Amino acid sequence: MARAVSTQHKTIATAAAWIVALLVFFPILYTVITSFKSEQEAIQGFNLLPSGTMESYSQVEAQNGYFKFFLNSVFLAVGSTILALLVAIPAAWSMAFSPGKWTKDILMWMLSTKMMPAVAVLFPIYLIFRDTGLLDSRIGLMIMLMLINLPIVVWMLYTYFREIPGEILEAARMDGASLWKEIVYVLTPMAVPGIASTMLLNIILAWNEAFWTIRLTTTEAAPLTAFISSFSSPQGLFWAKLSAASTLAIAPILIMGWFSQKQLVRGLTFGAVK
């Protein structure tokens, strides 16, 4: 029997949740506010009242074209996500429904690669990209983003697939379904919430990746992370322009996350409660 929760406890919990949410969201809010200030107003100190000027946005667009970087970010995020799913779905299927002696060890090894500092492999990765002609190319960077996020994608899909009864797949095999049809027509439709949340999370991770995108690109394949970093110069930080560039960079992914939050939460909690 569920324990009754008093109205007072609900009110306190709601207030605490709002306070935490405001603390988390406040840096984004202040960045947006600063983007509507002039440079002189931005360096004067803390102020939540913007002047409403669009000067920083016009200067950002005039200095560096926004849409080229935006299209690169879209291509890299979506392309790396599609590649990751094409590799991860069969891999997670085999680990979930045909586990071997080393399946758990392989999963732990894949997860352990995320604990290694990226700078530790920067030099060999840079040399490989240089020698293969992949420097400053969208294809090369897309493959790189796919590889660094692949462990998380495999782990998430493996967790979702484990919640699907194996008897359903056995029934499909008895009906004559091949391995490909089993994955495409039986497994994948049943795991749509998990696949969708994995896809959304991978897009967000790829969109926000800055270390590799800045170091493996210059102009042609540079995404919005490189667009933001271009407003930091030896002469100093231009706070208003930097805030405007940051707002333009986070706006698309913020809007996507807002409208897909129910799907994302549903997928992340898939199988958590029976």
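Quick caveat, the model's predicted, so the values are computed rather than measured.
Rounded to the nearest 0.5 angstrom, I125 CD1 and M144 CE are separated by 4.5 Å. Within the model, atoms OH of Y185 and OG of S178 stand 9.0 Å from one another, a figure rounded to the nearest 0.5 Å. For the atom pair K37 NZ and K241 NZ, the distance stands at 15.0 Å (nearest 0.5 Å). Atom CD1 of residue I139 and atom OG of residue S80 lie 11.0 Å apart, to the nearest 0.5 angstrom. To the nearest 0.5 Å, atom CD1 of residue I214 and atom OG1 of residue T217 are 7.5 Å apart. The line from CD1 of I148 to CD of E209 is 4.0 Å long, rounded to the nearest 0.5 Å.
By the 4.5 Å heavy-atom criterion applied to side chains, E163 and M190 are not counted as neighbours. Residues Y126 and L216 form a side-chain contact, since some pair of their non-hydrogen atoms from C-beta on lies under 4.5 Å apart. Two residues are said to be in side-chain contact when any heavy atoms from C-beta on lie closer than 4.5 Å; N149 and K114 meet this criterion. Proximity of T81 to M146: side-chain heavy atoms (C-beta onward) are nowhere separated by under 4.5 Å. Side-chain contact between S137 and F129 is absent, with no heavy-atom pair separated by less than 4.5 Å. The shortest distance between side-chain heavy atoms of I89 and F161 falls below 4.5 Å. Contact of the T225 side chain with the N208 side chain is not registered, since no non-hydrogen atoms from C-beta on lie closer than 4.5 Å. Side-chain contact between T34 and T247: absent, with no pair of heavy atoms (C-beta onward) separated by less than 4.5 Å.
Panel note: side chain W207, backbone I250; no donor-acceptor pair is recorded below 3.5 Å. Under a 3.5 Å cut-off, the side chain of W212 and the backbone N or O of L145 do not form any donor-acceptor pair. When atom types are taken as modelled, the side chain of S73 and the backbone of L224 share a donor-acceptor pair closer than 3.5 angstrom. Side chain of N202 to backbone of A84: no donor-acceptor contact under 3.5 angstrom is found. No donor-acceptor pair closer than 3.5 Å links the side chain of K104 to the backbone N or O of P99. Q8 places no side-chain N or O within donor-acceptor distance of the main-chain N or O of K10, the cut-off being under 3.5 Å.
Nearest approach of A222 to D136, heavy atoms of both residues: N-OD1, 4.3 Å. Here the shortest heavy-atom pairing between A226 and S229 reads O-OG, 2.9 Å. Here the shortest heavy-atom pairing between L76 and A221 reads CD1-O, 3.9 Å. Closest of all the heavy-atom pairs between N72 and P223 is CB-CA, 4.1 Å. The two atoms that bring F70 and P252 nearest to each other are CE1-CG, 3.6 Å, heavy atoms only. Across all non-hydrogen atoms, the minimal contact from V192 to P189 is CG2-O, 3.2 Å.
A tilted orientation is assigned to the rings of F36 and Y57, their planes being inclined by 30° to 60°. Taking the six-membered ring where the residue is Trp, Y66 and F227 present perpendicular rings, their angle passing 60° and hence far from 30°.
The cluster map of Ile, Leu, Val, Met, Phe, Trp and Tyr, joined by side-chain heavy atoms under 4.5 Å apart, puts L147 and L83 in the same cluster. Transitive grouping of hydrophobic side chains (ILVMFWY, heavy atoms separated by less than 4.5 Å) keeps Y160 and L150 in distinct clusters. Follow the hydrophobic side-chain contacts under 4.5 Å out from L111 and you reach M95 in the same cluster. L157 and W155 fall into different hydrophobic clusters, where Ile, Leu, Val, Met, Phe, Trp and Tyr side chains are chained together by heavy-atom contacts under 4.5 Å. Following chains of ILVMFWY side-chain contacts shorter than 4.5 Å, one cannot reach L107 starting from I152, and the two form parts of different hydrophobic clusters.
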Take R215 and L135, measure what side-chain contact (heavy atoms from CB on, under 4.5 Å) needs, and give me the verdict at the end. CA-CA 9 Å; R215 284 157 182 82; L135 277 179; over 6 Å; no
Under the criterion side-chain contact (heavy atoms from CB on, under 4.5 Å), I'd like the reasoning laid out for I164 against F97: C-alpha separation, chi angles, the key distance, then a yes or no. CA-CA 9 Å; I164 297 176; F97 298 107; 4.2 Å; yes
Can you check side-chain contact (heavy atoms from CB on, under 4.5 Å) on L71 and F75, steps first, answer last? CA-CA 6 Å; L71 292 176; F75 180 87; over 6 Å; no
Evaluate the side-chain contact (heavy atoms from CB on, under 4.5 Å) criterion for residues L201 and M156: first the C-alpha distance (whole Å), next the side-chain angles of each, then the deciding distance (0.1 Å), finally the verdict. CA-CA 10 Å; L201 182 61; M156 291 184 67; 3.4 Å; yes
Determine whether S35 and S56 satisfy the following criterion, side chain to side chain donor-acceptor pair (under 3.5 Å), listing intermediate values before the conclusion. CA-CA 6 Å; S35 69; S56 297; over 6 Å; no
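Residue F211 qualifies as enclosed at atom CZ: its count of foreign heavy atoms under 6.0 Å is above 12. In the displayed structure, R173 atom CZ is contacted under 6.0 Å by more than 12 heavy atoms of other residues, nucleotides or ligands.
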For residues 15-33, which side-chain N or O atoms pair as donor and acceptor with protein atoms under 3.5 Å away, sequence neighbours left out?
{"residue": "Y30", "atom": "OH", "partner": "N47", "partner atom": "N", "Å": "3.3"}
{"residue": "T31", "atom": "OG1", "partner": "P27", "partner atom": "O", "Å": "2.8"}

